[in-house]
Structure formats: C-alpha cells, structure tokens
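If you scroll down you'll find the structure; I have some questions about it.
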Amino acid sequence: MVAIIGTALHWSDVLVLLLYFLLILGFGVWSSCKNRGSVGGYFLAGRSMHFIPVGASLFASNIGSGHFIGLAGSGASSGIAVAGFEIGAIHWLMVLGWLFVPVYMRAEVFTMPQYIKMRYGGERIRVYLTCLALMLSIFTKISVDLYSGAIFLQQALNWNLYGSVIALILLAAFFTVGGGLTAVIWTDFIQTVIMVVSAFILMIISFVRVGGMQQIRNLFPYAVAYTTLHNTTECGVPNENYFSLIRSFDADLPWFGIFFGNGVASIWYWSCDQVIVQRTLAAKNLTHARAGCLVAGMLKFLPLFLMVFPGMIARILFPDEIGCADPDVCYEVCHSRNGCNDIAYPLLVLRLMPHAIRGLTLACMIAALMSSLTSIFNSSSTIFTIDIWQRFRRNAHDWELMIVGRVFVMILVGISILWIPIIRASQGARLFDYIQAVSSFLAPPVTACYLLGVLWKRINEEGAFWGLISGLFVGMIRFIWEYSYTAMPCQPGHLDKRPSVIQFNFLYFSALLFIISAIVTIVVSLLTKPIPEKYICGLTFFDLDNLEKAIEIPTRPGCMHKANTYYDEEQPYPFENSSSYHINQPPTETEKKALHFFETGDSTGIVFYLKTAFAWICGLEKTDELDGQSICSSSHPHDNTSNRRSITSIHDEHVSSWHKEVSYAAIIILALCAFVWAFFTDYRIRLN
C-alpha cells in the first residue's frame with residue numbers, strides 16, 4: 001500500500017541531504033554573527049536588508065510545506081482555480097508596499113500591535129490583536145506546516161513521525177534563537193532557491209511524462225479511479241471548470257469570492273500580519289521594501305506551475321490513488337476517509353524523481369517547513385517581547401528583551417511538540433479547510449481595523465474596538481455552528497444534512513463580515529469624539545508629508561485600558577503613561593548584579609566556556625559597557641541604539657534614484673497578472 005511502503009534513500013539522496021544541511025548551517029552561523037547585539041538587530045535585522053533577500057523571505061515565509069501539499073492536492077481535486085489565491089496575492093503585495101509600509105515606516109514601529117497602539121491609543125485593541133496573533137501562530141500556522149510536513153515524511157521515508165518533526169522544529173528554532181531575523185531572512189533566501197530549483201525539476205519531469213499542458217487539459221476530466229467508474233454519483237469526478245481561474249457564482253471557488261472575499265483575508269495576511277510585515281520593515285529603506293514586494297510578487301506566479309499543475313498531473317498518472325472516492329478504499333491508500341488528494345505531491349516525488357534529485361526535493365520540502373517555522377518563531381517572539389513583556393517591564397534593557405525573546409522561542413517549540421498528537425489525529429482535508437475558515441471568520445474585522453485606520457483619520461479607538469468585537473461575535477457564531485457538524489464523505493446514500501446557511505460559501509461570508517465590521521467601526525467613530533490632530537500626525541496614508549511627530553495618546557486607568565476620549569478637555573482623573581518602549585535605559589543595580597556573571601570570573605576552564613556559550617545564545621558577546629548603552633551593542637554600520645528611522649526618512653525616499661523605476665515595475669507586474677487571469681479563464685462558463 002502507498003501509505004505504508006517506505007522508500008529507502010539512495011546514497012546520492014543522503015549526500016544531497018547532508019550537503020543541504022551543511023549549507024543551511026553555514027548560512028545560519030554566518031548570519032548569526034550579524035545584527036545580534038540589539039533589539040533592532042535581533043528583531044528587524046538592523047533594518048539593513050537588501051530587496052532581494054527581503055522578497056525571497058516574503059515568498060518563503062508564505063510558501064510552506066502546506067502549500068506544496070495543499071495546492072497540489074487542491075489542483076488534483078478540482079483543477080487550477082485554487083491558484084487564484086496565489087495570483088491574487090500579487091495585487092495585495094502591491095497594496096502592502098505602496099499603502100501600508102510607508103505608514104509603518106513613518107510610525108517607526110517594530111510590530112503591528114505597536115502601530116495600533118500609536119494610531120488608536122489605549123491598550124485593549126493592542127492586547128486583543130497580540131493575543132489573537134499568538135494563538136493563530138501557535139495553533140494554526142505551525143500546526144498546518146507540521147501536519148503537511150508529516151504527510152510528506154510519512155509518504156516519502158516512513159520515518160518516525162514524532163522524531164522527524166521534533167528534529168525539524170529544533171533545527172528551525174536554532175537559527176531563530178541564535179541569530180534573530182537576520183539568520184531567518186538569509187536562511188529563507190537560500191531555502192527559497194532550493195525550493196524553486198527542485199520544484200522546477202519536478203515540474204519539467206511531470207510535464208514531459210504527461211505530454212505537456214494541452215495533454216493535461218485533455219486528460220484531466222477522465223482521471224477517475226476504477227471504483228468511480230462503477231457508481232452513479234458525482235464522487236471522484238473532476239470539476240467541469242477544472243481549467244479556469246474564474247468560476248461562476250455558485251462554484252466552489254467563485255470569482256466574486258476570490259476577488260473580494262479572499263481580498264479581505266489577503267489584506268490581513270499580507271499587510272497586517274506580523275510574520276509578513278516584519279520582513280518589509282527589515283529593509284534598509286522604503287524603496288528596498290517596495291522592491292522586495294515586487295520580487296515576492298514575481299515569485300507568486302510560480303505556484304500555479306510548480307504545485308497546482310503537478311497536482312493535476314499526479315491525478316492523471318495515478319488516478320486510483322489520488323482520485324479515490326470510496327471511503328474504505330481511500331483509507332487503505334492514505335489512512336483518510338475523506339480522500340487522498342493530499343498525497344499527490346509526495347507520490348510524484350517518489351515515483352518520478354531520479355536519485356539525488358529526489359534527495360534535493362526532500363530537502364526542498366524540509367526547507368519549506370523550516371522557512372515557515374523560523375519565520376513564525378521569530379515574529380511571535382517579537383510580538384511577545386515588544387507588546388506583552390514590555391507591558392510588565394517598561395524599563396527593560398536590550399539584553400533582557402533579547403533573552404526573553406529567545407526563551408519564548410523555546411516555549412513555542414515546546415507547545416508545537418505538544419500539539420503534534422492533535423495534528424496526527426486530525427484528518428488532512430479537515431485541517432486545511434479549518435485554516436481557510438479561521439481566516440474567513442477572524443481576519444475581516446482585523447482588516448477593517450487596519451485599513452480604515454490607515455486611510456481615515458476620523459476612525460477612533462472606540463469605533464475600532466467595537467468593530468473588532470462585533471466582527472468577532474458574528475464570526476465565532478458561524479465558526480461554532482459550522483464545526484458542530486461533521487462533513488460527510490462523498491459516498492452513495494450519504495447526504496449532506498448540514499443546514500443550508502452553513503453551506504454559505506466562506507469567501508462570501510468573509511466579504512459580508514468585513515462590511516459588518518466596517519459599518520460598526522464607522523458608525524461608532526462618528527458618534528464619538530475624533531482624535532485630535534496632534535496625536536495622529538503622520539499615522540495615516542494621506543498624512544505622510546506631515547513632519548510633526550505624533551504625541552502618544554494617554555490611556556485611562558482601569559482594567560479596560562481604554563484610550564482617553566477626553567483628549568484636550570480638562571482631565572477629571574490622572575491618566576497612565578502607557579509608553580512601553582523605553583529601550584536602552586541605564587540598567588538598575590539589580591540588572592548589574594544579574595550581569596555580574598558575564599563581567600567576572602576566571603577566563604580559563606569550563607566556567608569560561610559555559611559563560612561564552614550562554615552569552616552567544618543570548619546575544620551578549622559584548623558586555624563592556626553598562627552605563628546607558630546596550631550591553632549587546634553591535635558594530636554593524638546600520639545598527640544604532642534603537643534602530644529607529646528618522647521622521648524624514650520617508651520623505652528622503654521620494655528623491656531616491658530608482659524609486660520611480662520600482663513603481664513602473666509594479667505596473668508591469670500587475671499587467672502581467674491581468675494577462676494570467678485572462679489566459680487561464682474558460683470564457684464559456686457563466687459568471688452569474
């Protein structure tokens with residue numbers, strides 16, 4: 001049986017794997033020596049990254065093992081429509097680079113909740129978004145990548161599930177703990193090269209084996225399992241619009257839902273999510289950040305050809321396994337009663353790839369998993385350190401923040417390992433659908449909060465908060481209602497008994513939820529007092545030319561930590577100074593005593609080596625200065641004490657020698673995107 005047959009690696013496969021790990025280790029150690037000595041260096045790579053590694057890191061952070069398994073599986077199931085999510089992402093990358101990034105850089109922020117705190121004031125919105133981001137990172141992003149990686153490892157090598165996944169988690173955590181975002185971005189860069197090269201090789205082999213793209217179009221509708229030929233249901237039969245990116249309103253992926261419903265979730269993912277935005281904030285300036293978005297946009301054309309088409313080819317070549325419809329047969333093939341589409345990509349690797357190249361492809365999958373995990377580990381530790389830890393330790397020194405960030409990475413590792421049994425117990429198709437549903441139920445309110453806040457000064461904290469709460473309430477009702485029912489496998493005599501309202505397409509629901517949240521946000525904001533100009537100078541897109549620096553909005557005392565809505569009126573009670581970013585304050589006597597271990601002791605023997613190793617892990621190699629300076633001060637030319645851009649840095653970009661060329665390139669990429677939409681559309685289908 002396919003699911004339990006292990007594949008012994010050829011010696012050349014093992015050699016390629018070893019070379020891969022040596023290459024990644026070399027990059028990680030080299031980059032770990034850069035930008036390790038400060039908060040800006042560890043969390044934002046000293047804000048010195050070139051646009052090429054920034055763009056590659058954006059792509060690698062997005063494309064994980066879940067994309068190889070999920071996109072190929074969806075392609076095998078219903079054709080190329082799933083690629084609409086990837087092609088559509090190109091539009092939203094342009095929105096990130098030209099709308100959101102200038103505002104974030106002007107605000108000089110490390111994290112997205114930090115921007116929300118500056119824009120709206122108070123603490124409740126920021127705490128809400130911080131906790132939500134951490135929960136999504138731990139229980140959805142990490143879980144999907146681990147489960148998808150587990151599918152590949154089981155199909156390809158029949159390795160022990162827990163041992164393999166734990167080893168990958170620990171290796172990913174090593175780079176994040178050791179070098180911060182610089183190590184993450186540089187390992188992302190080399191792993192992106194590996195992913196693209198190995199996937200290209202498999203794509204070429206697959207196209208040659210099936211006979212080209214026209215043969216895919218001709219043969220795919222007939223790629224059905226033997227058992228499907230002998231039943232009278234539609235189970236196991238490919239979608240009739242399998243070769244069209246744009247489908248009708250009543251299709252599984254309708255064009256309206258792809259453009260608008262998915263657009264709402266995509267704005268959240270590409271422009272408001274810490275994992276993605278952190279890469280652009282690490283760029284040396286705005287032009288490099290935008291150019292990085294262009295590089296990532298160009299790479300987003302690839303999944304259609306590298307993952308979706310190979311998934312369709314896998315169904316053509318192996319219809320009995322990939323196209324199985326009978327639940328009992330599917331369970332024998334892949335231990336899932338809901339279908340075996342998710343094993344499409346692993347089967348191609350095992351049965352088509354030659355020796356050594358198969359090892360490279362395995363390295364590609366490991367690279368995809370590690371890229372996603374390292375990105376999530378680093379970004380989650382950044383959010384926790386800057387947005388939660390500093391709420392309790394407002395005068396925390398750089399060295400403390402970096403140690404806390406590294407410890408939190410290890411906590412994430414522990415939680416991820418504990419989550420593995422739940423991943424293994426879940427059905428692959430259900431887990432993938434669950435992740436899509438989470439985006440539809442939780443992302444629209446957050447998108448409304450960020451988008452309206454960036455575009456319109458009139459939106460205030462009261463409106464944003466109640467827009468988030470109302471959207472969360474509606475979204476959770478749909479979520480709980482939907483998942484209180486179990487989707488029946490496609491089988492004769494088994495009817496879907498779920499209420500029709502639950503079957504309302506999640507893409508349509510995403511657009512509807514955004515409208516509801518936006519209306520509540522606008523109405524409440526208009527019914528309450530506006531935020532005075534002095535508090536939001538330069539924090540909206542249409543106010544970037546304002547050279548004045550925004551004053552921090554005071555926060556009311558109490559458990560709710562609301563923004564001060566009295567603003568310039570006489571304050572009836574004292575307000576908290578909620579600033580949490582007192583970085584590089586002189587250390588206290590207690591902190592100096594805590595550092596005594598690094599300042600004293602014998603320079604020989606085991607104590608010295610233990611001290612040196614621990615200091616390297618914590619980024620504390622240089623401990624010569626304590627008075628008012630970070631003990632982790634770096635000598636990197638782009639790294640100063642706080643790595644904060646000056647207010648005029650955004651304006652300096654407008655006289656950059658190549659910022660116009662970057663904008664022209666964006667227009668060309670969008671035109672190419674429109675061509676792809678038009679080329680892969682079947683104009684015979686109805687759009688209504």
**Item:** Check against side-chain contact (heavy atoms from CB on, under 4.5 Å), Leu348 and Met353
**Value:** CA-CA 7 Å; Leu348 285 178; Met353 296 292 271; over 6 Å; no
**Item:** Non-neighbouring partners of Tyr222 that pass ring pair (Phe, Tyr, Trp, His ring centres under 6.0 Å), sequence neighbours left out
**Value:** none
**Residues in ring pair (Phe, Tyr, Trp, His ring centres under 6.0 Å) contact with Phe408, at least two apart in sequence or another chain** = Phe384
**Asked** Tell me the salt bridge (charged side-chain N to carboxylate O under 4.0 Å, His left out) pairs involving residues 57-74, sequence neighbours left out?
**Response** none
**Fill in**
What one should report as the nearest heavy-atom pair of Arg247 and Ser78 is NH2-O, 2.5 Å
**Message:** Donor-acceptor pair, distance only, cut-off 3.5 Å: does the side chain of Arg315 make one with the backbone of Ala344?
**Reply:** no
**Item:** Sub-4.5 Å side-chain heavy-atom contact between Phe301 and Cys673
**Value:** yes
**Asked** Is the backbone N or O of Gly73 less than 3.5 Å from a side-chain atom of Asp342, with the two atoms forming a donor-acceptor pair by type?
**Response** no
**Note, Thr681 side chain near Trp255 side chain (heavy atom, < 4.5 Å)** = no
**Met298 atom CE, neighbour heavy-atom count above 12 within 6.0 Å** = no
**Asked** Going by heavy atoms in the side chains, are Ile80 and Ser244 under 4.5 Å from each other?
**Response** no
**Message:** What I'd like to find out is whether the side chain of Tyr345 reaches to under 4.5 Å of the side chain of Leu202, using heavy atoms alone.
**Reply:** yes
**Item:** For Pro303 against Leu71, the heavy-atom pair lying closest together
**Value:** CB-CD1, 4.0 Å
**Message:** Minimum heavy-atom separation for Ala225 and Gly323, please, with both atom names.
**Reply:** CB-O, 3.5 Å
**Asked** Which heavy atom of Asn341 sits nearest a heavy atom of Ser77, and at what distance?
**Response** ND2-CB, 3.5 Å
**Prompt:** Just how far is it from atom CZ of Arg209 to atom CD of Gln215, taken to the nearest 0.5 Å?
**Reply:** 14.5 Å
**Complete:** Those residues at least two apart in sequence (or on a different chain) that pass side-chain contact (heavy atoms from CB on, under 4.5 Å) with Cys340 are Cys324, Cys330, Val333, Cys334, Ile343
**Item:** Nearest-0.5 Å distance that lies between atom CE in Met312 and atom CG in Leu219
**Value:** 10.5 Å
**Complete:** With sequence neighbours left out, the residues meeting ring pair (Phe, Tyr, Trp, His ring centres under 6.0 Å) with Phe200 are none
**Asked** Mind checking whether Ile669 and Leu93 have side chains closer than 4.5 Å, heavy atoms only?
**Response** no
**Request:** With Ser206 as reference, evaluate Ile201, Leu306, Leu352 under the side chain to side chain contact (heavy atoms under 4.5 Å, CB included) test and give the passing residue.
**Result:** Leu352
**Item:** Value rounded to 0.5 Å, distance of CH2 in Trp92 from CD1 in Ile267
**Value:** 4.5 Å
**Message:** Is any side-chain heavy atom of Phe679 closer than 4.5 Å to one of Leu245?
**Reply:** no
**Complete:** So OG of Ser12 and NE2 of His355: to nearest 0.5 Å the spacing works out to 6.0 Å
**Asked** How would you list all residue pairs meeting salt bridge (charged side-chain N to carboxylate O under 4.0 Å, His left out) that involve residues 300-311, not counting sequence neighbours?
**Response** Glu86-Lys300
**Request:** To the nearest 0.5 angstrom, please state how far the CD1 atom of Ile87 sits from the CD1 atom of Ile90.
**Result:** 5.0 Å
**Which residues share a ring pair (Phe, Tyr, Trp, His ring centres under 6.0 Å) with Phe506, sequence neighbours left out** = none
**Item:** Nearest atoms (heavy-atom pairs only) where Val54 meets Gly292
**Value:** CG1-CA, 4.2 Å
**Request:** Working to the nearest 0.5 Å, report the span between CD1 of Ile357 and CG of Leu362.
**Result:** 13.0 Å
**Asked** Ser266: what forms a side chain to side chain donor-acceptor pair (under 3.5 Å) with it, not counting sequence neighbours?
**Response** Asn262
**Fill in**
Only one of Val82, Val308, Leu253 passes side chain to side chain contact (heavy atoms under 4.5 Å, CB included) with Ser74, and that residue is Val82
**Request:** With sequence neighbours left out, write down each residue that passes side chain to side chain donor-acceptor pair (under 3.5 Å) with Asp273, or none if nothing qualifies.
**Result:** Lys141
**Message:** Are Tyr508 and Pro254 packed together at the side-chain level, in the sense that at least one heavy-atom pair is separated by less than 4.5 angstrom?
**Reply:** yes
**Prompt:** Are Thr280 and Leu58 close enough that some pair of their side-chain heavy atoms sits under 4.5 Å apart?
**Reply:** yes
**Message:** Restricting to side-chain contact (heavy atoms from CB on, under 4.5 Å), what partner residues turn up for Pro221, sequence neighbours left out?
**Reply:** Tyr242
**Request:** Tell me, please, which residues at least two apart from Glu240 pass side-chain contact (heavy atoms from CB on, under 4.5 Å).
**Result:** none
**Asked** Taking Trp268 for the side chain and Val264 for the main chain, is one N or O donor matched with an acceptor at less than 3.5 Å?
**Response** no
**Prompt:** Does the Ser510 side chain pair with the main chain of Gly261, one donor and one acceptor, at a distance under 3.5 Å?
**Reply:** yes
**Prompt:** Run the side-chain contact (heavy atoms from CB on, under 4.5 Å) check on Ile313 and Met203 step by step: do they pass?
**Reply:** CA-CA 9 Å; Ile313 293 173; Met203 178 195 70; over 6 Å; no
**Item:** Backbone N/O of Leu670 and side chain of His91: donor-acceptor pair under 3.5 Å
**Value:** no
**Request:** Assert yes or no for the condition that the ring centre distance of Phe259 to Trp677 is strictly below 6.0 Å.
**Result:** yes
**Request:** Please list, chain by chain and in numerical order, all residues satisfying side-chain contact (heavy atoms from CB on, under 4.5 Å) with Met213, sequence neighbours excluded.
**Result:** Phe207, Phe243, Phe305, Phe309, Phe680
**Message:** Restricting to non-hydrogen atoms, name the atom on Trp270 and the atom on Ala89 that form the minimum distance, rounded to 0.1 Å.
**Reply:** NE1-CB, 3.5 Å
**Request:** For side-chain contact (heavy atoms from CB on, under 4.5 Å), just list the numbers for Phe59 and Val295, CA-CA rounded to whole Å, side-chain angles, deciding distance to a tenth of an Å, and then say yes or no.
**Result:** CA-CA 8 Å; Phe59 180 73; Val295 172; over 6 Å; no
